[in-house]
Amino acid sequence: MKCGMIFLGLILSFSNLVLGQQKDSISQTLDPVIVSGNKLNQLRSEAPIAISILSPKIIEATKASRIDFLLNKVSGVYMPTIGGEQHMMSIRQPISLKGLYLYLEDGLPIRTSGLFSSNALIEINTSNIHSIEVIKGPASALYGAEAIGGVINVLSEKPTIKKSSISSFINSTGLKKIEFKYVLPTPKGGWNINASWTDQKNGVLDFSDFNKKALSIRKDFIFNSKWSGYQTLQYINFYTQMTGSVDSINFANKDFSSLQSFTYRKIDLIRWRQNLEYTLGKQSKIVANIMYRGNTMGQNPAYLIGSTNNPTKFRGQINSNRFDALVLDIQSQQTIHQLNAKIILGAYSDITKQKLQASFIDIYKDLSLNKFTSYSLKNPDSIITNYATNIYNKAMYLNWIGKIGSGFNYNASLRYDHFEYQYNNALKFGTPSSNNVFTNWSPKIGFTYNKQNIGGYLNYSHGFVPPQITEIYNAIRVPFLLPQSFVNYEIGGWMKFKKLQAEISVYQVNGTNEIISVRQPDGVNLNQNTGATKHYGVEYKIVYSMNSFLELTINATNAIHEYQKTILKGVDISGKRMNAAPAFWGNTQLQFNWSNHLNSSIEWQHQSSYFMDEINETKYPGFNVLNLRTNYTINKHGFWLHVLNASNVFYSTMATRNFSVKGNAAYSYYIGEPRSIVIGWKYDLF
């Protein structure tokens with residue numbers, strides 16, 4: 001905190017020199033146009049949901065090297081980094097790797113439902129982000145499966161204005177990035193090309209190198225007054241060393257070394273999309289999207305390393321997961337002036353072919369170095385898994401939006417999803433080949449009231465998660481599983497005055513049919529729908545513009561997450577707090593707008609303590625992190641100096657203690673990044 005006070009003092013002492021100049025606030029107003037809430041452009045004040053928007057100005061001022069630096073600014077969102085761009089997520093749920101979040105790019109999922117990846121946001125080109133919309137709470141009525149804790153919709157750059165540039169930055173912990181952007185708008189559309197290269201070498205954390213290459217190409221076109229659309233191509237190539245977590249001894253000793261020397265994660269993917277829009281007039285239009293996804297993820301995962309009776313020999317695996325998907329989304333939007341309403345009727349289809357192969361490996365440890373030094377395929381029976389799955393998701397959805405008198409609006413949605421998994425095991429052992437079908441109806445209804453500068457909303461929504469492929473096909477027999485179900489009750493409001501803006505949401509989410517592993521009478525562990533949870537809290541945002549120079553923004557959440565009717569490893573944990581579930585998370589920022597060319601900010605992040613285990617015996621104390629940012633532009637050049645974790649706090653982004661009925665529980669800490677100094681430069685080409 002001492003660094004922050006010194007920095008603040010220097011800023012305040014300089015403020016009188018620039019107060020008379022013109023300034024621009026970077027805060028996001030409460031009534032922007034959003035596209036996520038109902039799959040169409042709509043005023044935020046008419047959407048009965050908790051939605052936060054990271055505007056282009058916020059993104060430009062943050063100049064984030066990773067997407068978590070942006071999302072952690074949103075009330076109710078905590079995205080912990082676990083090395084490189086690998087991450088977990090927490091939105092109205094505890095911190096976890098669970099498939100409770102839906103990640104979209106321009107309104108379409110970037111992955112197939114049933115193949116959730118906790119690291120899905122690696123698959124976004126962070127240099128191509130125009131803005132981000134975050135829906136908090138279940139949104140399955142429009143977007144389908146996995147939209148439980150929240151939906152993150154990344155909106156990409158469009159070729160609307162000519163702003164080609166080249167930029168680069170380096171930091172003091174070995175990270176460097178180069179970006180190139182070419183934008184060519186034309187009267188009939190235009191081109192946007194964005195390429196980036198990111199590289200981390202010899203960081204403070206041992207065995208944490210990574211490399212990412214990303215390319216985004218977008219072509220917009222207008223045929224005539226009725227036909228328009230765009231094409232996009234996304235390519236991501238990512239490789240990272242997988243450090244993993246550390247135990248309690250290494251964490252207490254502030255030991256940045258790693259046990260690993262060969263674990264990795266690599267991703268190679270391409271997404272192609274064709275969008276077409278046909279306008280029938282002012283009252284109706286049809287929008288169609290066709291998408292192809294090709295995605296390969298290979299791993300030698302640190303989290304699957306297990307011990308044997310020999311202290312120098314361990315077991316692990318290498319695996320490769322490939323899927324190819326063809327997606328079709330068609331919707332018709334019709335305005336009915338007689339009813340003062342708008343109807344959206346849509347159909348969605350996702351056909352995915354997936355293949356997973358995994359092999360046992362023997363891992364050797366050098367006890368003198370305390371490091372895993374090599375591995376070899378386990379002979380002669382090295383294959384663990386070899387299967388292919390055809391995944392079919394067909395859905396229809398209806399969204400009805402209307403007005404009830406002056407200032408009142410209503411919004412009702414209903415979606416039906418039909419999933420079919422056709423599983424084919426190529427091995428003679430393991431889960432037998434089978435077909436499984438899951439269906440679900442997801443309703444949502446909400447009301448808003450907005451009059452001048454004050455408004456509010458009510459919302460009831462339902463979300464669901466079908467069993468993931470790895471949950472249903474990882475045993476010696478196929479379990480009978482239902483989709484996990486979540487029901488959300490929510491009330492919120494907003495107000496906007498000359499200097500003060502505020503938003504608040506109060507919610508309760510009840511989860512049922514949650515999937516946990518249960519030991520059967522014959523000694524076999526099978527996944528079953530026996531878990532239940534309750535999540536309730538309040539999220540709030542306050543923006544106070546003290547004057548044209550100084551602005552205060554507070555984003556925070558207070559929440560409680562509890563187990564309900566849950567038995568874990570034979571122990572009833574009903575009524576216990578869920579592990580990795582902080583009761584408070586907040587992000588507070590002071591923004592100093594020195595002039596049109598110079599701004600600075602002080603950002604303070606605070607996380608409260610939480611239980612590390614399900615039986616509530618061990619706590620992690622939480623942390624405080626301070627980030628300092630200064631940006632300066634002159635002519636076509638832009639420069640920035642950022643000091644992240646300025647007070648050099650040693651902390652864990654996520655800490656757990658595995659519950660064991662035998663008493664030999666293991667501790668796990670993901671180490672947060674120490675202080676880093678970032679220096680960047682950007683040049684506008686034309």
Side-chain angles (χ1 to χ4, degrees), residues 30-53 74-76 91-92 102 104 107 133-144 147-153 331 333-336 339-346 395-417 440-451 454-464 485-496 502-511 535-541 557:
L30 296 179
D31 56 353
V33 172
I34 61 174
V35 300
S36 292
N38 298 290
K39 289 196 169 186
L40 55 81
N41 292 343
Q42 182 185 28
L43 288 177
R44 194 279 166 254
S45 57
E46 297 177 357
I49 53 177
I51 186 167
S52 296
I53 300 153
V74 176
S75 61
I91 309 174
R92 296 193 177 180
L102 187 60
L104 311 176
E133 299 174 343
V134 182
I135 298 175
K136 288 165 279 188
S140 292
L142 282 178
Y143 293 105
I148 303 301
V151 175
I152 294 176
N153 187 20
Q331 60 176 256
Q333 302 176 11
Q334 179 73 40
T335 300
I336 306 175
L339 299 177
N340 224 355
K342 181 177 290 187
I343 298 175
I344 302 171
L345 182 63
M396 294 192 67
Y397 55 89
L398 172 68
N399 189 202
W400 186 296
I401 306 164
K403 295 182 181 293
I404 314 173
S406 177
F408 284 96
N409 299 273
Y410 66 88
N411 188 316
S413 303
L414 182 65
R415 175 170 170 139
Y416 172 75
D417 278 271
N440 194 83
W441 289 93
S442 300
K444 179 179 80 71
I445 187 167
F447 300 89
T448 64
Y449 173 77
N450 192 71
K451 201 70 173 179
I454 298 177
Y457 72 91
L458 292 170
N459 176 30
Y460 165 86
S461 58
H462 180 272
F464 79 102
S485 179
F486 294 82
V487 176
N488 178 68
Y489 307 91
E490 188 172 338
I491 184 171
W494 53 79
M495 64 177 183
K496 175 186 174 185
E503 290 182 90
I504 188 170
S505 300
V506 181
Y507 68 88
Q508 179 171 315
V509 180
N510 298 326
H535 317 264
Y536 52 97
V538 55
E539 301 155 346
Y540 44 97
K541 174 181 180 178
T557 182

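No experiment lies behind these values; they were computed from the predicted model shown.
Checked by atom type, the side-chain pair Tyr397/Gln331 shows a donor-acceptor distance below 3.5 Å.
The CE atom of Met495 sits 9.5 Å away from atom CD1 of Ile504, with the distance rounded to the nearest 0.5 Å. Considering CD of Glu133 and CD1 of Ile49, their distance stands at 8.5 Å, rounded to 0.5 Å. From Asn488, atom CG reaches atom CG of Asn459 across 6.0 Å, with rounding to the nearest 0.5 Å. A distance of 7.5 Å separates CG of Asn153 from CD1 of Ile135, quoted to the nearest 0.5 Å. How far CD1 of Ile152 is from CG of Leu104: 9.0 Å, rounded to the nearest 0.5 Å. Taking CH2 from Trp441 and NE2 from His462, the interatomic distance works out to 13.0 Å, rounded to the nearest 0.5 Å.
Ion pair Lys496/Glu503 not flagged as a salt bridge, since none of the NZ, NE, NH1 or NH2 atoms sits closer than 4.0 Å to an Asp/Glu carboxylate oxygen.
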- Message: Quick one, Glu490 with Lys136, criterion salt bridge (Lys or Arg N to Asp or Glu O under 4.0 Å). Give me CA distance, side-chain angles, the key distance, then yes/no.
- Response: CA-CA 10 Å; Glu490 188 172 338; Lys136 288 165 279 188; over 6 Å; no
- Message: Apply side chain to side chain contact (heavy atoms under 4.5 Å, CB included) to residues Leu398 and Ile343 and explain how you reach the verdict.
- Response: CA-CA 7 Å; Leu398 172 68; Ile343 298 175; 3.6 Å; yes
- Please walk me through it: do Ser140 and Lys444 pass side chain to side chain donor-acceptor pair (under 3.5 Å)? CA-CA 8 Å; Ser140 292; Lys444 179 179 80 71; over 6 Å; no
- Tyr410 and Phe447: ring pair (Phe, Tyr, Trp, His ring centres under 6.0 Å), yes or no, with the steps? CA-CA 4 Å; Tyr410 66 88; Phe447 300 89; 7.1 Å; no
- Message: Working note: Ile404 + Tyr449, criterion side chain to side chain contact (heavy atoms under 4.5 Å, CB included); need CA distance, chi angles, decisive distance, verdict.
- Response: CA-CA 10 Å; Ile404 314 173; Tyr449 173 77; over 6 Å; no
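Heavy atoms only, all atoms of each residue included: Ser413 and Asn399 are closest at OG-ND2, 2.6 Å. For the residue pair Ala139 and Val151, the shortest heavy atom distance occurs at CB-CG2, 3.8 Å. When all heavy atoms are compared, the tightest approach of Thr448 to Ala47 is CG2-C, 3.6 Å. Residue Ser442 comes nearest to Phe464 through the heavy atom pair OG-CD2, 3.4 Å, listed as atom of the first residue, atom of the second, then distance.
Proximity of Tyr540 to Val538: side-chain heavy atoms (C-beta onward) are separated by under 4.5 Å at one or more points. Asn409 places none of its side-chain heavy atoms less than 4.5 Å from the side chain of Ile401. Put simply, the side chain of Asn411 does not reach to within 4.5 Å of the side chain of Ile445, judged on heavy atoms. Proximity of Ser505 to Arg92: side-chain heavy atoms (C-beta onward) are separated by under 4.5 Å at one or more points. Between Ser75 and Thr557 there is no side-chain heavy-atom pair separated by less than 4.5 Å.
The aromatic rings of Trp494 and Tyr457 sit parallel to each other, their planes meeting at less than 30°, with 60° as the upper class boundary.
Ser461 contributes a side-chain N or O that, together with a main-chain N or O of Pro138, makes up a donor-acceptor pair within less than 3.5 Å. Judged by distance alone, the side chain of Asn450 and the main-chain N or O of Gly456 form no donor-acceptor pair under 3.5 Å. Arg415 places a side-chain N or O within donor-acceptor distance of the main-chain N or O of Leu142, the cut-off being under 3.5 Å.
Between Tyr489 and Tyr460, the ring center distance clears the sub-6.0 Å criterion.
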